[in-house]
Protein chains: 2
Amino acid sequence: MERKEGRDQPNMLDKCLRILRAFDGGDQQLRLSDLARRTALPLSTVHRLVGGLVEHRLLAQDDGGYQLGIGLFELSGLVPVEQELRVAARPFLQDLFMATHETVHLGVREGADVVYVEKIHGHSDLGLPSRVGGRLPLGCTGIGKALLAFSSNEVRTEYLERPLRAITPHSIVDPARLERELAEIRATGLAFEREEATVGRECVAAPVLVQGVAVAAMSISVPVSAYRMPQLAAAVKTSALGLARQLRTGREHRRPPGGEMFG
Amino acid sequence: MERKEGRDQPNMLDKCLRILRAFDGGDQQLRLSDLARRTALPLSTVHRLVGGLVEHRLLAQDDGGYQLGIGLFELSGLVPVEQELRVAARPFLQDLFMATHETVHLGVREGADVVYVEKIHGHSDLGLPSRVGGRLPLGCTGIGKALLAFSSNEVRTEYLERPLRAITPHSIVDPARLERELAEIRATGLAFEREEATVGRECVAAPVLVQGVAVAAMSISVPVSAYRMPQLAAAVKTSALGLARQLRTGREHRRPPGGEMFG
DNA sequence: AAGGGAACTTCCGTGGAGCGGAAGGAAGGG
DNA sequence: CCCTTCCTTCCGCTCCACGGAAGTTCCCTT
C-alpha cells in the first residue's frame, strides 16, 4: 500500500504549531475555544497543549485569552541567517532611510515568497502589506523580483511554472512578461514594481549579491506620484552593493545559498 | 509564576524546545550529535524530533548540520506585544538615532531580565552584549533599571530579594544601593548606567509609561568618555514620552482595519 | 587494504503519555 | 431560573513516541 505523503495523523508538534499559527489571521488574542475552532482540534486537546506552550512562554495567558509569547521572540533572535544578515544590513538600511526618508525593506527568499526581515519607516507607515516576518509572493514585489532574477535557474523556472498569484489588479500574472522583466533586472541590477503589491505605491529594489546569487534584496517604497525613481534607484543600488561587500568580508565562507524550493 | 514541581519526564514539546534552545550558546550550526550532547537526549530521539522540526521550518538542515529555521522568525513577527510596541517605537528610535548617532535600544521586562526588542546602531557596533531577542539582568542595564523603577512593588521587592547578578565589575550587587537608585529614577524619570553592563560604555534610559507602569524603556549607549549625558538624557526622555503618548492614543481604537491584506 | 572510530540512519517491541469524549464548574444574560 | 458559552477536570483506551541496538556511511589511522 502506497503511503500517502501529504497527511498523516498530526502529532503533538504539528498540533502545537497549528495552535501557534492560528494567530496569523491578524488576531492578537484568541480564546481557548477560538483556538479549538481554528485548529479543528478537540477542545480538551487544545487545553492540554496550551498548558505546555504557556510554560515555555510560547504563549502568554492574558485575561480572557491567549497571545503569542515572548519566548518565540527570543528564539527568533537566534536564527542565524536572519540575525547575521540583519545586523550587517541595519546600518545600510539606516543610511538609506536617512538619505531618502522613505520606507525601506530588506527581504530574503523563502520558497515562493519573500520574507521581510527588516523594515524601516517614518512616523507614517502608509498601509503597506509588508511586516517584519511577513510573506508576500515573489513576483508581486520589487524585492521578490530582484531575488528571483538572481536565483538559480532551477528556482526561477519552478516559480514561473506555477500560476502567478496576484495581490493587486496590477500584479503580474503572465509568466512570459515576468520572465522578460527578470531578464531586464539581471541586466540592470535593479527591479521596479508599480502598484503590484500595493495600490498607490511603487518601489525600486536591488539584490544583495554574494557569488552571483541574491542572498537578500533591499528596496525603497514610495507613493506613485513621487517621480523620484532615478535617485532612489541609485541609492538602493549603492546600499545593496555596500551590504554585499560587508557580507563578503564579514565572513569568509559560510553557506553557498542553495536550499530546496517548495520543500 | 511558581514552578514548584520539577518536571519528572520531559514530554515531546519539552524536548523539541530543548533542541531549539541548544542554539543559544552562540553556535549557529550544530550537528545531530552536538544536539544530542547538549540536550542530553538519546541520539535516535533527537534524530526523530529534528525531522519534525525541519518539516515545520523551525530548523533548517544545512550541509553538515542544523540551524534554526526561518519559521521561528516568521512566528516571532506575530508576537503581539512586541510587534505592536516595535512598530510604534521604531520611528521614535529612528529619530533618536538620527539626532545622536549613538546606539539606541528598546527593551521590555521579562521576569528578572530585560529583553531587547529593538536596537539601532551605526556601522560600528562596539561589542555591546545586547542583541535583539537577547536578555540581560534588569539591575545591570539602564533600561532594566528604568523598567524596575516603574514596576509594581511586588516585582521590585521580589527582584531585590534575590542576589543581584553582576556582569561587569561595576554592576551593582548591593540591593540597598540599587533600591536607592531606583528611588532616584522614579523621581527624575531617568536611569543612568555606568559600565555596569559593558566596560567602557555608559548609558541613559527612560521608561515608557502607560498608566504609571513602564511597558518598555529606551536608552542611548555611548563610550564613557563622551560626556554628553545631559543632552542625551533630554533626547531619550523626549522620545520615551512621545512613544508613550503614541501607545496611549493608538490603543484607543483597537486595531485599525488594515491588518492582513488579501489573506 | 584493513581496522577503528565517529556520525548518522533505520528498525522495532514496549509502555506510558497523549488523546479526546464526557461530565463538571463558572459566568453571563435573557 | 434556565440556557448558552466557555473553561477545566477526569479517566480509560489506544497508539505512537521512545530509545537501545543494529546497520550504513565516511574518514582517519596504521
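Throughout, a chain's letter reflects where its sequence line sits, starting with A, and its residues are numbered from 1. These numbers come from the heavy atoms of this one structure, side chains and all, not from hydrogens, waters or symmetry mates.
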Measuring from the side chain of [X] (C-beta onward, heavy atoms only), which nucleotide among [options] has the closest atom?
X: A:S44; options: C:dG18, C:dG21, D:dG19; result: C:dG21
X: B:L32; options: C:dT9, C:dG20, D:dA17; result: C:dT9
X: A:M12; options: C:dA7, C:dC19, C:dG21; result: C:dC19
X: B:Y66; options: D:dC6, C:dT9, D:dG19; result: C:dT9

[X] has an atom [atom1]; how far is it from atom [atom2] of [N], in whole Å?
X: B:L49; N: C:dG18; atom1: CG; atom2: P; value: 12 Å
X: B:Q61; N: C:dT9; atom1: CD; atom2: C1'; value: 11 Å
X: A:D14; N: D:dC15; atom1: CG; atom2: P; value: 18 Å
X: A:D34; N: D:dC7; atom1: CG; atom2: P; value: 7 Å
X: B:N11; N: D:dC16; atom1: CG; atom2: P; value: 17 Å
X: B:I19; N: D:dA17; atom1: CD1; atom2: C1'; value: 13 Å
X: B:D62; N: C:dC8; atom1: CG; atom2: P; value: 13 Å
X: B:L13; N: D:dC18; atom1: CG; atom2: C1'; value: 16 Å

**Message:** Check B:R57 with A:E110, please: is the shortest side-chain N to carboxylate O separation under 4.0 Å?
**Reply:**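 Salt bridge present between A:E110 and B:R57.
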**Message:** Check A:D24 with A:R135, please: is the shortest side-chain N to carboxylate O separation under 4.0 Å?
**Reply:**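 A:D24 and A:R135: not salt-bridged.
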Using a cut-off of less than 4.0 Å, is there contact between a side-chain N or O of [X] and OP1 or OP2 of [N]?
X: B:R48; N: D:dA17; value: no
X: B:T45; N: D:dG19; value: yes
X: B:K15; N: D:dG19; value: yes
X: A:S33; N: D:dT5; value: no
X: B:H47; N: C:dC8; value: no

**Request:** Would you please classify the geometry between the B:H123 ring and the A:F92 ring as parallel, tilted or perpendicular, with 30° and 60° separating the classes?
**Result:**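 The rings of A:F92 and B:H123 stand perpendicular, inter-plane angle above 60°.
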**Message:** Let me spell it out: for each of B:P42 and A:L43, pick the nucleotide of DNA chain D with the closest heavy atom. Which residue's pick is nearer the 5' end?
**Reply:**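 Looking at the nearest nucleotide for each, A:L43 comes out on the 5' side.
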**Request:** Select base, sugar-phosphate, or nothing to describe what A:L41 touches, counting heavy atoms under 4.0 Å on all strands.
**Result:**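 Since no nucleic acid heavy atom lies under 4.0 Å of A:L41, the category is nothing.
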**Message:** Need one value for B:R31: base, sugar-phosphate or nothing, where a base atom within 4.0 Å counts as base even if backbone is also close, heavy atoms only.
**Reply:**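 Sugar-phosphate contact only.
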**Request:** Let me know which of A:L106, A:L93, A:V215, A:V210 forms a side-chain contact (heavy atoms from CB on, under 4.5 Å) with A:L243.
**Result:**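 Going through A:L106, A:L93, A:V215, A:V210 one by one, the side-chain contact (heavy atoms from CB on, under 4.5 Å) with A:L243 is satisfied by A:L106 alone.
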**Request:** Answer with yes or no whether the side chains of B:S130 and B:K119 bring together a donor and an acceptor at under 3.5 Å.
**Result:**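 The criterion, which ignores hydrogens and geometry beyond distance, is satisfied for B:S130 and B:K119.
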